[in-house]
Amino acid sequence: MLITVSKQSDEGFDSLQAALDSIPQGHKSEVTIRIKPGVYEEKITVGPEAPAILLLGEDSQSTIISWSDNAHTLGPDGEPLGTFRSGTLNVYAENFTAENLTIRNASGPGTGQAVAAFVDAGRAVFRRVSLLGDQDTLYTGCGKQYYNECYIEGDVDYIFGAATALFDRCHLHNKRSRGYITAASTPEGEPFGYVFLDCRITGGQGVSEVYLGRPWRPHAHVAFIRTRMDASIIGEGWHNWGQPDREQTSRYEEFGSSGPGANPAARVTWSRQLTDEEAAEYRVITVLDGWHPEGY
């Protein structure tokens, strides 16, 4: 099934949510929703009953989904939404893919937690997607997730959650000094949490002392493999969130980091530099437990 969403009134739906809601209940085969260029100011939910969905934009510069809820925004019940209801795009489907889009939370800096993409899917793929926000830009709730050539920006804990997520050749951009890129809550016993392969990290003008991560939960796992890091990254690299006991249970790893922010000698003693043999195990098919999304 192919559905078109466009700002032109004579081309399909003018609302992405209306297009999603038009899918017949019980429909099983994949649905491609082609999104024509434009700014779509709406809050989107892809429900758990949805079939496999592909949101296909023209390119991330011209095809933008934007909303501005934050944790303090009042919901229909008159109560603050909280972090987990603040998302611009909210995905609960078992199989979901987005390509060539920008997903933005426009709440702005200093407004608190404001999620751009809330991804609580079984399997999710983002290709050439820009995720724009400040605090808590991307929530990776559960399942296996694959991000390819994506741009992700933020200031505090802007990639957070429990999923196993692999970031392949992505660009991470730090917007504020003394912030944190990741806040993983990897469940105990999971072999992989966040894995960054061949990515790069940049900071805005004057941004400094940014940490690679801090453990939202005790067993956080994050690995940066062959990542180029600019001077915005602080020498020690990792923060214990003020809970020294998490130094014993968190797994923070690097291999082949380069650039001014790569400083193995200065890293906290409870992080690790992987050996060649250990780093060789960090492949897409291994991290994602046999799933091979980059070949599609």
Side-chain angles (χ1 to χ4, degrees), residues 82-84 113 115 118-122 124 135-147 152 154-168 170 172 174 178-197 199 201 209-227 229 233-257 261-284 286-291:
T83 302
F84 299 127
Q113 299 91 335
V115 175
F118 183 100
V119 187
D120 213 14
Q135 184 172 352
D136 292 3
T137 304
L138 170 61
Y139 175 68
T140 65
C142 68
K144 301 288 192 294
Q145 302 181 17
Y146 177 72
Y147 298 81
I152 308 169
D155 55 21
V156 176
D157 303 336
Y158 64 90
I159 302 173
F160 72 114
T164 294
L166 191 143
F167 300 84
D168 186 3
C170 292
L172 314 178
N174 302 316
R178 293 173 292 283
Y180 307 85
I181 297 175
T182 66
S185 56
T186 316
E188 184 175 5
E190 283 293 324
F192 301 104
Y194 292 156
V195 176
F196 296 85
L197 294 181
C199 294
I201 300 172
E209 298 183 340
V210 176
Y211 290 89
L212 297 170
R214 59 178 179 172
W216 185 18
R217 296 289 183 266
H219 297 277
H221 173 246
V222 182
F224 284 93
I225 311 295
R226 298 180 301 274
T227 296
M229 305 177 181
I233 299 301
I234 195 168
E236 51 261 45
W238 308 93
H239 192 280
N240 66 10
W241 209 316
Q243 302 188 62
D245 56 317
R246 296 191 179 182
E247 297 178 8
Q248 308 304 314
T249 53
S250 299
R251 292 176 291 141
Y252 285 147
E253 303 165 337
E254 288 178 74
F255 176 81
S257 298
N263 195 342
R267 294 295 193 248
V268 293
T269 58
W270 44 279
S271 67
R272 295 185 60 236
Q273 298 293 318
L274 298 175
T275 66
D276 290 352
E277 293 75 16
E278 289 170 329
E281 293 301 310
Y282 283 78
R283 298 177 296 139
V284 175
T286 304
V287 173
L288 298 180
D289 195 23
W291 181 34

Q: With sequence neighbours excluded, tell me which residues meet salt bridge (Lys or Arg N to Asp or Glu O under 4.0 Å) with Arg272.
A: Glu253, Glu278
Q: Mind checking the CZ-OG spacing from Arg251 to Ser271? Nearest 0.5 Å is all I need.
A: 14.0 Å
Q: With the side chain counted from C-beta on, respond yes when Leu212 and Ile201 share a heavy-atom pair under 4.5 Å apart, and no when they do not.
A: yes
Q: Mind checking the OG1-CG spacing from Thr182 to Leu172? Nearest 0.5 Å is all I need.
A: 9.5 Å
(Q) Please report whether the ring centroid of Phe192 lies less than 6.0 Å from that of Tyr282. (A) yes
Q.
Nearest 0.5 Å, please: how far is CH2 in Trp241 from OH in Tyr180?
A. 8.5 Å
Q: Establish, from distance only, whether the side-chain atoms of Thr140 and Tyr194 form a donor-acceptor pair under 3.5 Å.
A: yes
Q. Regarding Tyr158 and Asn174, is there a side-chain donor-to-acceptor distance under 3.5 Å anywhere?
A. yes
Q. Do you know which of Leu288, Val287, Thr286 makes side chain to side chain contact (heavy atoms under 4.5 Å, CB included) with Val195?
A. Val287
Q: Supply the atom-to-atom distance Cys199 SG to Ile152 CD1, rounded to the nearest 0.5 angstrom.
A: 8.0 Å
Q) Is there a donor-acceptor pair closer than 3.5 Å between any side-chain N or O of Glu236 and the backbone N or O of Ala266? A) no
(Q) Under the criterion salt bridge (charged side-chain N to carboxylate O under 4.0 Å, His left out), I'd like the reasoning laid out for Arg267 against Glu254: C-alpha separation, chi angles, the key distance, then a yes or no. (A) CA-CA 10 Å; Arg267 294 295 193 248; Glu254 288 178 74; 2.6 Å; yes
Q. Minimum heavy-atom separation for Asp136 to Phe160, with atom names?
A. CB-CE2, 3.3 Å
Q: Determine whether Arg217 and Thr249 make a side-chain contact, defined as any pair of heavy atoms from C-beta on separated by less than 4.5 Å.
A: no
Q | Close aromatic pair by centroid cut-off 6.0 Å: Trp238 and Tyr211 | A | no
